[in-house]
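The structure appears right after this line, and notes come after that.
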2 protein chains.
Amino acid sequence: MLMQNNHAFENAEKTGEAINAGQSLSSLFLSSAAEPVAAGKAICWEGDQAKHLFQVEEGVVRLHRIIGEGRRVITAFHFAGDLIGASLQNDFIFTAEAVTECKIRRMSRKSFHDEVARSDALGPAYISLLCQEAAAAHEQMVLLSKKNAEERLCSFIVKLASRRNPRQGLVRIPMNRQDIADHLGLTIETVSRTITKLASRNIVIPEGRHDLRIVNLARLKQLSGDADDFSDDSCHRVNLH
Amino acid sequence: MLMQNNHAFENAEKTGEAINAGQSLSSLFLSSAAEPVAAGKAICWEGDQAKHLFQVEEGVVRLHRIIGEGRRVITAFHFAGDLIGASLQNDFIFTAEAVTECKIRRMSRKSFHDEVARSDALGPAYISLLCQEAAAAHEQMVLLSKKNAEERLCSFIVKLASRRNPRQGLVRIPMNRQDIADHLGLTIETVSRTITKLASRNIVIPEGRHDLRIVNLARLKQLSGDADDFSDDSCHRVNLH
DNA sequence: CGAAAACTTGACTGAGGTCAAGTGGTGTGG
DNA sequence: CCACACCACTTGACCTCAGTCAAGTTTTCG
């Protein structure tokens, strides 16, 4: 399927154009060294001047904001190939931290914009990337606004599963429960309970803390509440008409 | 303050650059006629091919998505001067409807992109607009993820108030309670009750359905939960119950 | 003026949050 | 290799904020 993704958590379906967009922008970062970042370490801080863009060469990164009293919102996760900071103007509006051990490349905002301005291909690629991010943000707003705990978890798992995963049916969950909770607007306990419930219905099987075996992907998609799909309950969309 | 805004619900603080960005893009639409749209009527539909961009010449527009069983999410409101559809690639991912009687200009996506490509100034303006939309989406995710009903309402009112409003202290609320509820991830009853509660504490005074007198803007900002504000409760948080 | 729509208010409910144990896997030092 | 401790996670009991349902009230409009 996809060898490289521009932005974490996009819809699985991408136009060939969009994929190329990410690849061509990523190539700008190849001239800089891949810096190792230990799990849990920050890559940039909310409020700092956004002098650089980053590219995730390897590993998983979380973007978050803290609003008083330790309320943390993880607005996105970024995976290998993704760019961080493309949609910024002046300052970082999020803190980026390594979820796992990472390799990160960086590039100054100025030279990034210079390169984009210089090339005919890069401008549209950049705009395409920003549009994809907007679509992802849109999707997340719907999730946070109207979905219940089960729908949120199922949406999340389906998205993870739609990334290229090594073994069929086994999805890697690189982040811990607290990260998932803060991304889905839930608590750690609710995440835990909901996974347990899905497991008891034999929809997924947890294999250790960081892997999930997907038993019934169709059901998972159905439960993710992205309606307009099979509105009549049972899943015989197959033999209609 | 601002004569024109590019995107609904941005932070009030904008760089001069950003304002110019919106203005220069807006000028592209001047060659097309301003079409009147009656309140409640749709301007474009989710799922349709996004062949046009729109500019709000006059009035207020809501963007929404419906996810099964009549769950509606209003992802944004757009006001005079704002562009609609800038962040789209192929299809509309929202339905746009007039909240009030509107005047709308349109422009084909193709000629919009041609014009942007042709001009040196328009490319950065376009990118700037997309970044502002990203920041707004970010903000909304935080609201939906971590704020309670009162904080949501206060955030909403503060944003409305930060737009240029004719009379000092009197904020126009063009949309109805259901629209507010669907934008803030609440129900109509909770919106109503929360406004009543703010009124009883003499923070705002409702003047009819569509106007609010702001009695205590500082308190309103404080209650909007965007922390990092005055964490030491200087503002007599103490002797209220 | 009457009817319908928009909004408010009240009583009750429930999904998910909070608080508090309990469990299990992992890493470290002996 | 085990013992211990620690941390991430799970589970249970209880609570609360906002949702639901049902009147009631006000505004709008034909």
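Small disclaimer: the values here were computed from a predicted structure and weren't measured. In what follows, every chain begins at residue 1, and chains take the letters A, B, ... in the order their sequences are listed.
Across all non-hydrogen atoms, the minimal contact from A/Ala50 to A/Phe92 is CA-CE1, 3.5 Å. Across every non-hydrogen atom of A/Ile43 and A/Ala98, the tightest pair is CD1-N, 4.2 Å. Closest approach of A/Arg62 to A/Ile74, counting heavy atoms only: CD-CD1, 3.7 Å.
Look at CG on B/Asn148: it is 17 Å from P on C/dG16, rounded to the nearest Å. Look at CZ on B/Arg71: it is 15 Å from C1' on D/dT20, rounded to the nearest Å. Between B/Leu144 atom CG and D/dA18 atom P the separation is 13 Å, expressed in whole Å. Taking atom CE of residue A/Met175 and atom C1' of nucleotide D/dC9, one finds them 16 Å apart after rounding to whole Å. Here the P atom of nucleotide D/dT10 and the CG atom of A/Leu186 are 14 Å apart, to the nearest Å. Rounded to a whole Å, the CD1 atom of A/Ile195 is 10 Å from the C1' atom of D/dC9. Atom CD in A/Glu189 sits about 11 Å away from atom P in D/dT10, given to the nearest Å. Atom CZ in B/Arg152 sits roughly 8 Å away from atom P in D/dA18 (whole-Å rounding).
Out of D/dA18, C/dG17, D/dG19, the shortest distance to the side chain of B/Ala149 is found at D/dA18. The side chain of A/Thr190 lies closest to C/dG17, out of D/dT10, D/dG19, C/dG17.
Ring-plane geometry between A/Phe77 and A/His183 is classed as perpendicular, the angle between the planes exceeding 60 degrees on a 0 to 90 degree scale with a lower cut at 30.
In this structure, CG on A/Asn148 lies 11.0 Å from OG1 on A/Thr190, to the nearest 0.5 angstrom.
A donor N or O paired with an acceptor N or O is found under 3.5 Å between the base of D/dG12 and the side-chain atoms of A/Arg193. In this model, no side-chain donor or acceptor of B/Arg177 finds a partner on the base of D/dT27 within 3.5 Å.
Each of B/Thr196 and A/Lys147 was matched to the nucleotide of DNA chain C holding its nearest heavy atom; the match closer to the 5' end belongs to B/Thr196. For the pair A/Val191 and A/Arg209, nearest-nucleotide mapping onto DNA chain C gives the more 5' position to A/Val191. Of the two residues near DNA chain D, A/Asn176 and B/Lys197, the one whose nearest nucleotide lies more 5' is A/Asn176.
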